[in-house]
Amino acid sequence: MTNLSGVGIWSAQLRYGDSAEAAEAAAELEELGYSALWIPDVGGPVFDAVGHLLASTRTATVATGILNLWMHTPEETAEAFAALTATHGDRFFLGIGVSHAPLIDSRQPGRYRKPLQATATFLDGLDAAPRPVPTASRALAALGPKMLQLAAERTRGAHPYLVTPEHTRRAREVLGAGPLLLPEQTAILTTDRDEARAIGTDWLRSYLAMPNYANNLLRSGFTPDEIAAVSDRLLDAIIVWGDEDAVKRRVDEHLQAGADHVCVQILTADPNAFPREQWRRLAPAVV
């Protein structure tokens with residue numbers, strides 16, 4: 001069964017950056033002790049990327065955070081999962097998500113509807129495939145209680161993104177004791193508040209334009225004005241900034257709130273550059 005303990009790395013660079021550097025970075029992250037490598041799916045051959053990272057490592061779990069269910073059929077997904085697992089062993093973990101209406105409808109207006117039903121139907125397809133994706137090898141991107149409950153019933157757990165330790169606590173209450181809880185935590189390794197805001201504000205604003213994230217933060221007690229302005233309180237709650245010990249404290253807060261594994265996403269001033277120095281600095285503190 002895939003290893004989803006401890007701390008992993010969530011990285012768009014591993015997915016969309018230079019493939020040779022992605023291979024080198026993946027191997028180094030494994031050596032540094034990170035247990036899982038998480039990559040997004042916003043278009044392109046995601047299974048090729050997963051296979052590339054699996055081939056570049058020996059023991060690390062490679063996870064999609066998340067596979068966009070509107071961009072793949074269950075049949076294609078199950079076949080790719082079976083092929084990658086046959087080649088690389090039980091190291092591919094399938095995080096599945098319903099994405100966001102503005103992204104999906106921008107390509108095909110009106111396609112995004114009934115996200116809970118769409119997710120359940122996709123899981124039905126994975127179960128009905130000639131080589132099904134095992135329940136223990138998949139999780140759902142889940143923020144609200146209904147999707148969290150579906151994750152508990154139909155998968156190994158939940159992978160919430162852009163959340164606080166308090167959300168982790170509430171999610172654990174919904175999931176119960178058995179399912180895995182695998183939150184993402186964004187971090188900026190700087191002790192300069194101005195630098196943290198310069199790096200984090202526009203990045204965060206792009207996510208807050210998505211109703212799923214904005215609504216989740218409203219449920220978490222933030223006001224519409226705080227979301228519109230990306231207030232200091234909101235930025236500090238979502239993005240931990242500071243030294244390595246500050247990041248460790250936030251990771252520990254998630255673990256104490258009920259997380260089984262935390263995947264850390266490092267932001268820097270250059271969103272396209274692999275933050276390899278920061279990954280190296282962080283490893284002794286968190287792994």
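Treat the numbers as computed from the prediction; the structure is a model and nothing was measured.
- Q13 is listed as a side-chain neighbour of P275, based on a closest heavy-atom distance under 4.5 Å.
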Worked check of salt bridge (charged side-chain N to carboxylate O under 4.0 Å, His left out) between D127 and R138: CA-CA 11 Å; D127 290 340; R138 64 197 196 197; 2.9 Å; yes
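- Between L54 and T87, every side-chain heavy-atom pair lies at or beyond the 4.5 Å cut-off.
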Chi angles and distances behind the side-chain contact (heavy atoms from CB on, under 4.5 Å) call for D192, W241: CA-CA 8 Å; D192 184 321; W241 58 271; over 6 Å; no
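- Considering only heavy atoms from C-beta on, V163 stays 4.5 Å or farther from E184 through its side chain.
- In this pair, W38 and H159 present their aromatic rings parallel. The plane angle is below 30°, not in the 30 to 60° band.
- Counting only distance, with no hydrogens or angles, the side chain of R250 and the backbone of A237 share a donor-acceptor pair below 3.5 Å.
- In this structure, W279 has its ring center at least 6.0 angstrom away from the ring center of Y34.
- A ring-centre distance under 6.0 Å is not found for F81 and F47.
- D252 and K248 are joined by a salt bridge, as a carboxylate oxygen and a charged side-chain nitrogen come within less than 4.0 angstrom of each other.
- No salt bridge links D194 with R197; every basic N to acidic carboxylate O contact stays at or beyond 4.0 Å.
- The side-chain hydrogen bond (donor to acceptor under 3.5 Å, both in side chains) check on E277 picks up nothing, with sequence neighbours excluded.
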Chi angles and distances behind the salt bridge (charged side-chain N to carboxylate O under 4.0 Å, His left out) call for D124, R154: CA-CA 9 Å; D124 290 342; R154 301 287 307 274; 2.9 Å; yes
Checking M147 against L143 for the side-chain contact (heavy atoms from CB on, under 4.5 Å) test, could you report, in this order, the C-alpha distance in whole Å, the side-chain angles of both residues, the deciding distance, and whether it holds? CA-CA 7 Å; M147 195 66 81; L143 296 173; over 6 Å; no
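- Considering CG of L32 and CD1 of I9, their distance stands at 8.5 Å, rounded to 0.5 Å.
- Under 4.0 Å is where a charged nitrogen must lie from a carboxylate oxygen, and between D41 and R15 at least one such pair does.
- With respect to R172 and D260, a salt bridge is recorded, a charged nitrogen being found less than 4.0 Å from a carboxylate O.
- A salt bridge does not link R249 with E253: none of the charged nitrogens is closer than 4.0 Å to a carboxylate oxygen.
- Expressed to the nearest 0.5 Å, how far CD1 of I39 lies from NE2 of H52 amounts to 10.0 Å.
- Contact of the D90 side chain with the S137 side chain is registered, since non-hydrogen atoms from C-beta on lie closer than 4.5 Å.
- With a 4.5 Å cut-off on side-chain heavy atoms, T61 and L37 do not count as touching.
- With a 4.5 Å cut-off on side-chain heavy atoms, V133 and P74 do not count as touching.
- The salt bridge (Lys or Arg N to Asp or Glu O under 4.0 Å) with R131 is formed by just one residue from the set E75, E79, E76; it is E79.
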